[in-house]
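Beneath this line is the structure, given in structure tokens, with notes to follow.
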Amino acid sequence: MTSGSVTDARRGNRRIRKAVFPVAGLGTRFLPATKTVPKEMLPIIDKPLIQYAVDEAIEAGCDTLVFVTNRYKHAVADYFDKAYELEQKLERAGKTEQLELVRNVLPPGVRAIFVTQAEALGLGHAVLCARPVIGDEPFAVLLPDDLIWTRGGPGALSQMADLAQAQQASVIAIQDVQRSQTGSYGIVATEDFSGREGRITAIVEKPAPEVAPSTRAVVGRYILSPRIFDLLETTPPGAGGEIQLTDAISQLLREDPVFAYRFRGTRFDCGAHIGLIEATIRYALDHEVLSDAARRVMQNALDELGVTDL
Ligand code: G1P
């Protein structure tokens with residue numbers, strides 16, 4: 001490889017192939033369920049949250065999935081492992097449809113790699129744990145809590161990968177939020193924002209509404225230059241005493257272009273109770289088999305509870 005092509009690869013002159021899923025969080029908001037079931041395994045209809053993020057990464061062209069877990073997350077690794085006995089039973093029983101579902105958790109040609117984050121030092125630290133697997137190429141980060149529904153259209157990461165390739169840049173997903181909510185998100189300021197994108201000039205983690213540079217909030221999808229790893233190595237603890245990915249990105253954008261991208265789709269914050277409920281309702285109402293029944297039971301529930309003021 002010449003030095004020119006090394007630079008091109010670092011900057012993103014090809015489609016991303018690798019995706020990082022930080023899944024080492026404790027999920028305390030969903031206790032007691034998350035006492036034994038990792039929050040990434042909570043289902044929306046019949047798929048665990050993590051599967052939605054994995055499908056999105058695969059659709060965007062990724063074939064290497066890196067899960068950053070902790071020692072309590074065996075269920076995530078088990079889920080992506082081959083289930084020999086189950087597959088044999090389904091095969092013998094002629095249940096081909098179910099067999100396909102089980103096999104397609106990871107389609108052929110896609111591999112899962114597990115990396116342990118020994119201490120919960122923050123999102124930036126979790127991403128840094130994936131460095132040995134990612135190496136020197138641009139990569140994606142997907143936070144499975146953020147479920148993005150695109151109703152059969154291209155997934156959010158796929159949309160971002162197009163922009164990353166076209167601009168030879170890192171790309172971060174954003175959505176507009178109420179000013180009162182800035183304290184829950186990374187917030188970006190951009191040079192100019194036309195259509196769906198703008199080059200980021202500043203990014204700050206969870207600013208108070210009075211000091212937030214805008215109301216454009218980071219959603220859990222990133223395409224990053226591998227340069228981020230060098231920066232994460234020296235990023236000190238920030239908001240909440242954690243090593244923040246946002247702080248390393250704030251350094252990155254001084255050296256390299258980083259774009260904010262307002263994706264087409266709806267994001268559900270499944271890290272919160274109401275987000276998980278909202279996602280379940282939306283997927284149920286849009287489900288090819290369940291939609292009529294879902295509508296009916298929702299109507300019944302509203303009627304029986306006497307809810308009239310919607
Ligand atoms: C993380 C990021 C934050 C981002 C958010 C999106 O925060 O640090 O910048 O806006 O994800 O979901 P968390 O929600 O993990 O505290």
Side-chain angles (χ1 to χ4, degrees), residues 20 22-31 34 39 49 68 117 119-128 141-148 156 160 169-194 196-224 228 231-263 265-279:
V20 177
V23 291
L26 290 178
T28 48
R29 279 198 202 156
F30 289 101
L31 282 170
T34 46
K39 68 172 172 176
L49 267 178
V68 183
Q117 184 186 20
E119 279 180 280
L121 298 179
L123 177 59
H125 178 255
V127 171
L128 183 55
V141 177
L142 296 96
L143 309 186
D145 277 5
D146 283 334
L147 176 53
I148 303 179
M160 293 165 68
S170 297
V171 175
I172 298 174
I174 58 111
Q175 72 174 31
D176 299 296
V177 297
Q178 300 286 331
R179 186 158 277 277
S180 60
Q181 294 182 307
T182 58
S184 303
Y185 296 94
I187 300 289
V188 301
T190 58
E191 227 166 42
D192 43 6
F193 202 93
S194 59
R196 298 195 165 272
E197 67 216 52
R199 187 171 168 165
I200 300 179
T201 52
I203 183 167
V204 38
E205 183 67 6
K206 305 197 169 100
E210 319 80 82
V211 293
S214 79
T215 50
R216 294 199 173 107
V218 174
V219 169
R221 299 290 184 276
Y222 308 78
I223 292 176
L224 297 169
I228 199 77
L231 300 167
L232 281 168
E233 296 274 9
T234 56
T235 300
E242 298 191 337
I243 298 173
Q244 296 290 353
L245 183 57
T246 297
D247 294 343
I249 294 170
S250 167
Q251 297 295 316
L252 180 66
L253 53 88
R254 292 177 198 187
E255 313 176 359
D256 268 340
V258 182
F259 280 76
Y261 176 72
R262 188 194 282 127
F263 52 90
T266 305
R267 171 246 185 188
F268 301 106
D269 175 10
C270 294
H273 294 128
I274 196 65
L276 198 70
I277 294 168
E278 194 185 1

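Distance check, rounded to the nearest 0.5 Å: CE of M160 to OH of Y261 gives 9.0 Å. For the atom pair OG of S184 and CG of D269, the computed distance is 8.5 Å after rounding to the nearest 0.5 Å. T235 contributes atom OG1, which lies 13.5 Å from atom CD of E242 (distance to the nearest 0.5 angstrom). Atom CD1 in I243 sits 9.5 Å away from atom CD in E233 (nearest 0.5 Å). Taken from CZ in R199 to OG in S194, the straight-line distance is 13.5 Å, to the nearest 0.5 Å. Atom CG of L245 and atom NE2 of H125 lie 13.0 Å apart (nearest 0.5 Å).
Residues D176 and R216 are in side-chain contact: their nearest non-hydrogen atoms beyond the backbone lie under 4.5 Å apart. Between L231 and E255 the shortest side-chain heavy-atom distance falls below 4.5 Å. Side-chain contact between F30 and L276: present, with at least one pair of heavy atoms (C-beta onward) separated by less than 4.5 Å. Between L123 and L143, the closest side-chain pair of non-hydrogen atoms falls below 4.5 Å. Residues V218 and V188 have side chains in contact (heavy-atom distance under 4.5 Å, counting atoms from C-beta outward). Using a 4.5 Å heavy-atom threshold, the side chains of Q175 and F263 count as touching. Residues I172 and I203 have side chains in contact (heavy-atom distance under 4.5 Å, counting atoms from C-beta outward). Counting only heavy atoms from C-beta outward, the side chains of I249 and Y222 approach each other to under 4.5 Å.
T182 contributes a side-chain N or O that, together with a main-chain N or O of P207, makes up a donor-acceptor pair within less than 3.5 Å. No donor-acceptor distance shorter than 3.5 angstrom exists from the side chain of E205 to the backbone of D247, with no hydrogens or angles considered. Counting only distance, with no hydrogens or angles, the side chain of T215 and the backbone of R179 share no donor-acceptor pair below 3.5 Å.
Annotation: ring pair (Phe, Tyr, Trp, His ring centres under 6.0 Å) contacts of F193 (sequence neighbours excluded): none. Here D145 pairs with K39 under the salt bridge (Lys or Arg N to Asp or Glu O under 4.0 Å) rule; sequence neighbours left out.
Closest non-hydrogen pair, L232 versus A248, comes out as CD2-CB, 3.5 Å. Considering every non-hydrogen atom in both R267 and I148, the closest pair reads CB-CG1, 4.2 Å. Scanning both residues, P213 and A189, for their nearest heavy atoms gives CB-CB, 4.0 Å. I187 and S214 make their closest contact through CG2-O, 3.2 Å (heavy atoms, listed as atom of the first residue, atom of the second, distance). Considering all non-hydrogen atoms of both residues, L147 and A279 come closest at CD2-CB, 3.9 Å. Summarising the geometry of G183 relative to K206, their closest heavy-atom pair is O-CB, 3.2 Å, with the distance given to 0.1 Å.
Within a 6.0 Å radius of CZ in R196, more than 12 heavy atoms belonging to other residues, nucleotides or ligands are found.
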